[in-house]
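These notes concern the structure reproduced below.
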Amino acid sequence: MLDNKTLKELNHQIQEETYSSYIYLAMAAWLEENGYKGMATWMRVQAREEKIHADIFYNYIMERGGHVKLEAIDAPPDSWESPLELFKAAYAHEEHITGRINHMVKVARELNDNASERMLHWFVDEQVEEEANTSEAVQQLEIVK
């Protein structure tokens with residue numbers, strides 16, 4: 001059984017991952033509307049991946065006998081000044097998610113919840129990749145301006 005503090009964090013992360021999917025879908029729409037179809041496709045793939053992440057948290061809560069409590073999802077922005085500004089926003093968002101994952105690892109450690117900490121380590125590794133991908137996109141767009 002999950003500790004209430006862990007359960008609250010995991011439920012909140014479902015919201016965070018769903019919002020991530022939502023913002024990346026909004027980014028994909030803006031990119032496609034503005035003629036950046038390849039970048040839009042990349043963002044749609046990211047949106048689907050974030051939905052899978054939300055599902056992982058959902059499944060983990062259920063597997064541990066917890067109660068899933070879904071939180072409201074805010075509307076994401078729907079326009080950016082340029083693809084560069086959009087990818088800078090995506091990178092900042094990934095940094096935010098990394099902070100959330102690190103916080104949850106800390107909570108799991110404090111509660112001696114080895115199972116949750118182990119599950120979260122997959123996300124620790126995933127966030128290294130997510131930050132690297134968005135950072136690289138920012139760097140490439142800064143080169144071409």
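Quick note: numbers below take in every heavy atom, side chains included, and nothing from hydrogens, waters or symmetry partners.
Partner of Leu2 under the side chain to side chain contact (heavy atoms under 4.5 Å, CB included) criterion, chosen from Asp113, Leu111, Asn11: Asp113.
Ile56 and Val68 fall within a single hydrophobic cluster, where Ile, Leu, Val, Met, Phe, Trp and Tyr are joined by side-chain heavy atoms under 4.5 Å apart, directly or via other members. No path of Ile, Leu, Val, Met, Phe, Trp and Tyr side chains, each step under 4.5 Å between heavy atoms, connects Leu25 with Ile52, placing them in separate hydrophobic clusters. Both Tyr91 and Met39 belong to a common hydrophobic cluster when Ile, Leu, Val, Met, Phe, Trp and Tyr are linked at side-chain heavy-atom distances under 4.5 angstrom. Grouping the Ile, Leu, Val, Met, Phe, Trp and Tyr side chains by contacts below 4.5 angstrom, directly or via other members, places Met104 with Val124. By the criterion of side-chain heavy atoms lying less than 4.5 angstrom apart, applied directly or through intervening Ile, Leu, Val, Met, Phe, Trp or Tyr residues, Trp122 is grouped together with Val105 in one hydrophobic cluster.
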| request: Report the C-alpha separation of His53 and Gln13 in whole Å, then their side-chain angles, then the decisive distance to 0.1 Å, and conclude whether the side chain to side chain donor-acceptor pair (under 3.5 Å) test is met. | output: CA-CA 9 Å; His53 294 171; Gln13 197 60 29; over 6 Å; no
| message | I'd like to know whether Leu84 forms a side chain to side chain contact (heavy atoms under 4.5 Å, CB included) with Lys88, so could you lay out the CA-CA distance, the side-chain angles of the two residues, the decisive distance to 0.1 Å, and finally the verdict. | response | CA-CA 6 Å; Leu84 175 59; Lys88 283 182 178 179; 4.0 Å; yes
| request: Start with the C-alpha distance between Met62 and Asn59, add both sets of side-chain angles, then the distance that settles side chain to side chain contact (heavy atoms under 4.5 Å, CB included), and finish with yes or no. | output: CA-CA 5 Å; Met62 297 306 286; Asn59 291 336; 5.6 Å; no
| query | Yes or no on side chain to side chain contact (heavy atoms under 4.5 Å, CB included) for Ile61 and His67, after CA distance, side-chain angles and deciding distance? | reply | CA-CA 7 Å; Ile61 291 169; His67 173 72; 5.9 Å; no
| message | The test is side chain to side chain contact (heavy atoms under 4.5 Å, CB included); show your working for Glu49 and Glu126 and say whether it passes. | response | CA-CA 11 Å; Glu49 187 174 299; Glu126 177 69 6; 2.6 Å; yes
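A donor-acceptor pair under 3.5 Å links the side-chain atoms of Tyr60 to the main chain of Ser116, judged by distance alone. Remark: side-chain polar atoms of Asn34 are not paired, donor with acceptor, to backbone N or O of Ser82 under 3.5 angstrom. The backbone N or O of Ala29 lies less than 3.5 Å from no partner atom in the side chain of Arg44, so there is not a single donor-acceptor pair. The main-chain N or O of Glu94 is found under 3.5 Å from a side-chain atom of Gln127 such that the two form a donor-acceptor pair. A side-chain donor-acceptor contact under 3.5 Å links Thr134 to the backbone of Glu130.
If you check the side chains of His93 and Ser20, you find a donor sitting under 3.5 Å from an acceptor. In the model, Thr18 has no side-chain atom that pairs as donor or acceptor with a side-chain atom of Glu50 under 3.5 Å.
Here the side chains of Glu9 and Arg100 are in contact, with some heavy-atom distance below 4.5 Å. Using a 4.5 Å heavy-atom cutoff, the side chains of Glu16 and Phe57 are not in contact. Residues Trp80 and Leu31 are not in side-chain contact: their nearest non-hydrogen atoms beyond the backbone lie 4.5 Å or more apart.
The two residues Ala75 and Tyr22 come nearest to each other via the heavy atoms CA-CE2, 4.4 Å. Among all heavy-atom pairs drawn from Ala115 and Arg64, the shortest one is CB-NH1, 3.6 Å. When all heavy atoms of Glu117 and Arg109 are compared, the closest pair comes out as OE2-NE, 2.7 Å. Between Leu120 and Ile101, the shortest heavy-atom contact is O-CG2, 4.1 Å. Summarising the geometry of Pro77 relative to Ala26, their closest heavy-atom pair is O-CB, 3.4 Å, with the distance given to 0.1 Å.
In this structure, CE in Met43 is found 8.5 Å from CD1 in Ile23, a value given to the nearest 0.5 Å. Within the model, atoms NZ of Lys51 and CG of Asp55 stand 3.5 Å from one another, a figure rounded to the nearest 0.5 Å. Taken to the nearest 0.5 Å, the NZ atom of Lys69 stands 12.5 Å off from the CD1 atom of Ile14. A distance of 11.0 Å separates NE2 in His121 from CE in Met119, rounded to the nearest 0.5 Å. To the nearest 0.5 Å, atoms CD (Glu32) and NZ (Lys37) are separated by 5.0 Å. Note that CG of Leu10 and CG of Leu7 are 6.5 Å apart. Values are rounded to the nearest 0.5 Å.
Within a 6.0 Å sphere centred on OH of Tyr58, heavy atoms belonging to other residues, nucleotides or ligands number 12 at most. In the displayed structure, Asn102 atom CG is contacted under 6.0 Å by more than 12 heavy atoms of other residues, nucleotides or ligands. Within 6.0 Å of atom CD in Glu129, more than 12 heavy atoms from other residues, nucleotides or ligands are found, so the atom counts as buried in its surroundings.
Between Phe87 and Trp42, the ring centre distance stays below 6.0 Å.
Between Trp30 and Tyr36, the two ring planes are parallel [angle under 30°; tilted spans 30° to 60°].
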